[in-house]
Number of protein chains: 2
Amino acid sequence: MNATTGARERLVAAAQQMFAAQGVGATSPRQVLDASGVGQGSLYHHFPTKHDLAVAAVGATVDDALAAARRDLDPGDAGTEDPVARVVAYLERPRDALAGCKVGRLTSDQAVMDDDGLHDVVTAYFVRLLDAVAATLREAGLPDAVARDRAHAAVAVVQGGYVLARATGDPDAMSAAVRGFVALLRTPAPTEGAR
Amino acid sequence: MNATTGARERLVAAAQQMFAAQGVGATSPRQVLDASGVGQGSLYHHFPTKHDLAVAAVGATVDDALAAARRDLDPGDAGTEDPVARVVAYLERPRDALAGCKVGRLTSDQAVMDDDGLHDVVTAYFVRLLDAVAATLREAGLPDAVARDRAHAAVAVVQGGYVLARATGDPDAMSAAVRGFVALLRTPAPTEGAR
DNA sequence: GTCTATAACGCGATAGAC
DNA sequence: GTCTATCGCGTTATAGAC
């Protein structure tokens with residue numbers, strides 16, 4: 001915590017919080033500046049435009065989120081070798097459902113979607129997350145196409161769970177969605193291809 | 001299309017389009033006004049505040065969306081008595097995935113969530129949608145708790161599918177999520193309670 | 001490297017003529 | 001019921017002292 005640990009880091013941390021709570025477009029540089037406690041000149045010294053600040057803050061948030069998902073999916077951290085159990089661990093991880101997904105919410109933030117740099121960061125997050133889940137499901141012996149579709153469904157359930165929880169104001173809406181999906185995920189497939 | 005069919009309807013229609021494309025908070029009354037072709041005074045005559053305009057436009061959008069879902073889930077319109085097939089019809093209905101859900105997106109719009117009136121309209125939409133899907137699944141003989149969880153999962157897959165499609169820029173991300181979920185939904189349960 | 005002051009612009013809303 | 005003109009404020013960003 002020396003003098004050089006100051007402004008830049010505080011600005012990014014404050015921006016991450018504000019963006020998670022309000023979105024990027026709805027957050028003014030001025031708000032970030034006030035929350036961080038630095039002066040106006042400092043902000044524009046470290047980040048010439050709002051875009052630069054947003055790329056730094058969103059990038060940090062994406063790195064955190066991806067690391068958390070990989071912990072759930074990693075056999076060592078999850079404490080089980082069973083691939084399906086690890087995907088279930090990812091699905092059932094406690095989440096602040098009413099807050100919404102720090103990354104997923106950016107998807108309906110016009111300021112993010114209109115900014116190529118920011119959009120790319122969000123795209124990379126979901127591509128990597130989907131790849132990680134699909135890879136885990138392939139370990140369970142699923143064919144690639146099935147693993148990919150199921151990974152999309154799994155990640156969609158979490159993202160949709162956030163939407164339902166926020167819409168209804170009830171965090172259990174997320175739990176219910178995950179419960180419903182996990183129950184289906186665990187029913188042993190009746191010999192792939194059979195009806 | 002007489003003279004009295006003018007301003008108000010045009011304003012609401014324009015607002016619905018702009019809100020769907022940009023969100024409520026990111027759309028200024030001035031933009032709606034320009035898109036609708038009416039004058040500034042007319043807007044504030046019919047809708048004293050932006051809130052009033054938003055309630056009218058979001059309400060109309062929600063009514064449309066709910067009616068569409070009920071058509072998918074209705075035995076008559078769906079053309080099949082099989083309840084699961086009707087839920088699948090809802091899931092597989094063609095959607096403009098890259099545009100995002102007109103209602104679900106509002107969930108991460110601060111201007112909507114901070115406005116009690118608007119929030120209530122969004123809440124009512126999802127409560128009714130979830131009820132309709134759960135009721136259909138109960139027709140299939142599922143116990144209430146299972147039907148509710150599975151309905152949450154189904155609606156979450158669609159909402160999450162929108163998020164994935166927008167994030168990756170690929171409309172097929174939505175199709176993949178739905179495919180993955182429908183495949184699981186169709187595997188016959190191995191006698192409820194058995195392992 | 002950090003500060004204060006301020007510019008230029010668009011916002012939501014109002015006034016008042018027609 | 002519709003128009004134009006305008007108010008007061010907050011925004012993103014810059015200027016220039018320290």
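All figures in this text were calculated on a predicted structure; none of them were measured in a lab. In what follows, every chain begins at residue 1, and chains take the letters A, B, ... in the order their sequences are listed. Values below: every heavy atom of this structure, side chains too, minus hydrogens, waters and symmetry copies.
For the pair B:Arg70 and B:Tyr125, the cation does not sit on the ring face, since its NZ or CZ is not both under 6.0 Å from the ring centre and inside 45° of the axis. A cation-pi contact, defined as under 6.0 Å to the ring centre and within 45° of the axis, is absent between A:Arg30 and A:Tyr44.
For A:Asp114 and D:dT12, the CG to P distance is 15 Å, given to the nearest whole Å. Separating the CG atom of A:Leu33 from the C1' atom of C:dT2 is a distance of 11 Å, rounded to the nearest angstrom. A straight line from CG of B:Asp115 to P of C:dG12 spans 14 Å, rounded to a whole angstrom. Distance, B:Asp34 CG to C:dG10 C1': 12 Å, rounded to whole Å. For the pair B:Gln110 CD and C:dC11 P, the computed distance is 19 Å after rounding to whole Å. Taking atom CD of residue A:Gln31 and atom P of nucleotide D:dG10, one finds them 11 Å apart after rounding to whole Å. For the pair A:Lys50 NZ and D:dG10 C1', the interatomic distance rounds to 12 Å; values are reported in whole Å. Atom CZ of A:Arg10 and atom C1' of C:dG1 are 13 Å apart (whole Å).
For A:Gln40, counting side-chain heavy atoms from C-beta on, the closest listed nucleotide (C:dA5, D:dG1, C:dC3) is C:dA5. Here the side chain of A:Ser42 is nearest to one of C:dC3, C:dG12, D:dA13, namely C:dC3. Out of D:dA13, C:dG12, C:dG1, the shortest distance to the side chain of B:Ser28 is found at C:dG12. Taking only side-chain atoms of B:His46, from C-beta outward, the nucleotide of D:dT2, D:dT14, D:dT6 with the closest atom is D:dT2. Of the candidates C:dG1, C:dG12, D:dT12, the closest approach to any side-chain atom of B:Tyr44 belongs to C:dG12.
Looking only at atom types and distance, the side chain of B:Ser108 has a donor-acceptor partner in the side chain of A:Ser108 under 3.5 Å away. Counting only N and O atoms by type, the side chains of B:Thr49 and B:Asp52 include a donor and acceptor under 3.5 Å apart.
Each of A:Arg30 and A:Gly41 was assigned the nucleotide of DNA chain D with the nearest heavy atom; the assignment lying further toward the 5' end belongs to A:Arg30.
More than 12 heavy atoms of other residues, nucleotides or ligands shown are found within 6.0 angstrom of NZ on B:Lys50.
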